[in-house]
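To start, the structure itself, in structure tokens.
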Amino acid sequence: MNAKTPNAIDTYVGSRVRMRRQLLGLSQERLADQIGVTFQQVQKYEKGLNRIGASRLQRIAEVLSTSPSFFFQQNESVPLSLVETNVAADPVAEFLHSKEGLALNRAFLKITDTQLREKIVALVKAMAQAQEGRDVSGERGKHGETFA
């Protein structure tokens, strides 16, 4: 590994910091102020260019209202040592980093009724399943929508 190439684990942890920060609507400047570094340092952490020490990671977790283990969580089928450095390799991470993904997650977090949350998840799953069925038929409208 080249000395200037970020370590895949550092990049992954940094991307999780970024995702959580954005999910909470916190700016890099605000996070930096609360953990005692410059916003440029936060940028380097999020890109994996600088490693985050244990005590700093603990403080970031406190500010972002999560546990340090959150920053290492991933799909159990992929060992952390084999993590792709490109977010686009994980469609879920890619969606969570998108404007729509952040907006959807922020709105969903405001719903406190567990039953309502479960119904929304079931609705979205049903919509996705219906979309898959229409995609199989291959018929598309002028705006890209599909018809069964």
Side-chain angles (χ1 to χ4, degrees), residues 1-135 140 143-146:
M1 173 174 34
N2 184 337
K4 301 221 181 226
T5 304
N7 179 283
I9 295 172
D10 295 331
T11 301
Y12 181 78
V13 169
S15 74
R16 298 282 291 176
V17 169
R18 180 175 188 264
M19 178 181 65
R20 181 68 181 174
R21 176 185 59 76
Q22 289 180 327
L23 186 63
L24 297 175
L26 204 62
S27 69
Q28 286 180 331
E29 293 85 1
R30 182 117 186 250
L31 176 59
D33 287 343
Q34 293 189 23
I35 65 172
V37 299
T38 64
F39 81 91
Q40 291 96 336
Q41 184 64 37
V42 170
Q43 286 177 332
K44 289 178 181 181
Y45 288 155
E46 290 182 355
K47 291 178 181 177
L49 298 174
N50 286 5
R51 289 188 174 161
I52 305 172
S55 60
R56 178 75 30 88
L57 189 63
Q58 176 64 42
R59 179 65 186 137
I60 291 170
E62 289 169 3
V63 170
L64 299 180
S65 303
T66 192
S67 69
S69 65
F70 168 82
F71 303 112
F72 297 94
Q73 291 174 351
Q74 66 175 37
N75 179 346
E76 293 86 27
S77 67
V78 182
L80 195 54
S81 61
L82 300 178
V83 170
E84 297 272 345
T85 58
N86 185 355
V87 171
D90 180 2
V92 174
E94 184 177 11
F95 175 71
L96 290 174
H97 282 85
S98 73
K99 186 170 118 179
E100 296 86 4
L102 287 170
L104 181 63
N105 278 286
R106 283 184 184 136
F108 192 80
L109 286 171
K110 292 178 182 177
I111 300 170
T112 57
D113 183 335
T114 305
Q115 289 181 334
L116 180 57
R117 280 182 170 210
E118 290 171 358
K119 288 178 182 177
I120 291 170
V121 170
L123 173 65
V124 172
K125 284 181 178 179
M127 292 170 70
Q129 193 171 31
Q131 177 71 42
E132 286 175 354
R134 287 195 302 265
D135 287 346
R140 295 198 177 273
H143 298 292
E145 67 272 56
T146 56

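In this chain, numbering begins with 1 at the start of the sequence shown.
- Applying the side chain to side chain contact (heavy atoms under 4.5 Å, CB included) rule to L26 yields the partners R21, R30, L31, V63, L64; only residues at least two apart in sequence or on another chain are considered.
- By the salt bridge (Lys or Arg N to Asp or Glu O under 4.0 Å) test, E29 pairs with no residue at all, sequence neighbours left out.
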Worked verdict on F108 versus V124 for side chain to side chain contact (heavy atoms under 4.5 Å, CB included) | CA-CA 12 Å; F108 192 80; V124 172; over 6 Å; no
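- Every residue meeting the side chain to side chain donor-acceptor pair (under 3.5 Å) condition with R56, not counting sequence neighbours, appears here in chain and number order: Y45.
- Here the straight-line distance linking atom CG of L109 with atom CG of L104 works out to 9.5 Å at 0.5 Å rounding.
- Considering only residues two or more places apart in sequence or on other chains, Q43 meets the side chain to side chain donor-acceptor pair (under 3.5 Å) condition with Q28.
- Remark: R16 engages no residue in a salt bridge (Lys or Arg N to Asp or Glu O under 4.0 Å) (not counting sequence neighbours).
- Residues forming a side chain to side chain contact (heavy atoms under 4.5 Å, CB included) with S69 (at least two apart in sequence, or on another chain): S67, Q73.
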Would you check, one step at a time, whether the test side chain to side chain contact (heavy atoms under 4.5 Å, CB included) holds for T38 with Q41?
-> CA-CA 5 Å; T38 64; Q41 184 64 37; 3.6 Å; yes
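- Listed by chain and residue number, I111, D113, I120 satisfy the side chain to side chain contact (heavy atoms under 4.5 Å, CB included) test with L116 (two or more places apart in sequence, or in another chain).
- Checked by atom type and distance alone, the side chain of R106 never pairs as donor or acceptor with a backbone atom of L24 at under 3.5 Å.
- Residue A61 comes nearest to P68 through the heavy atom pair CB-N, 3.7 Å, listed as atom of the first residue, atom of the second, then distance.
- Results of the salt bridge (Lys or Arg N to Asp or Glu O under 4.0 Å) test with D10 over R51, K47, K44 single out R51 as the only residue that passes.
- For the atom pair CZ (F71) and OH (Y12), the distance works out to 11.0 Å, reported to the nearest 0.5 Å.
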Evaluate side chain to side chain contact (heavy atoms under 4.5 Å, CB included) for V42 paired with I35, printing each intermediate quantity in order.
-> CA-CA 9 Å; V42 170; I35 65 172; 4.2 Å; yes
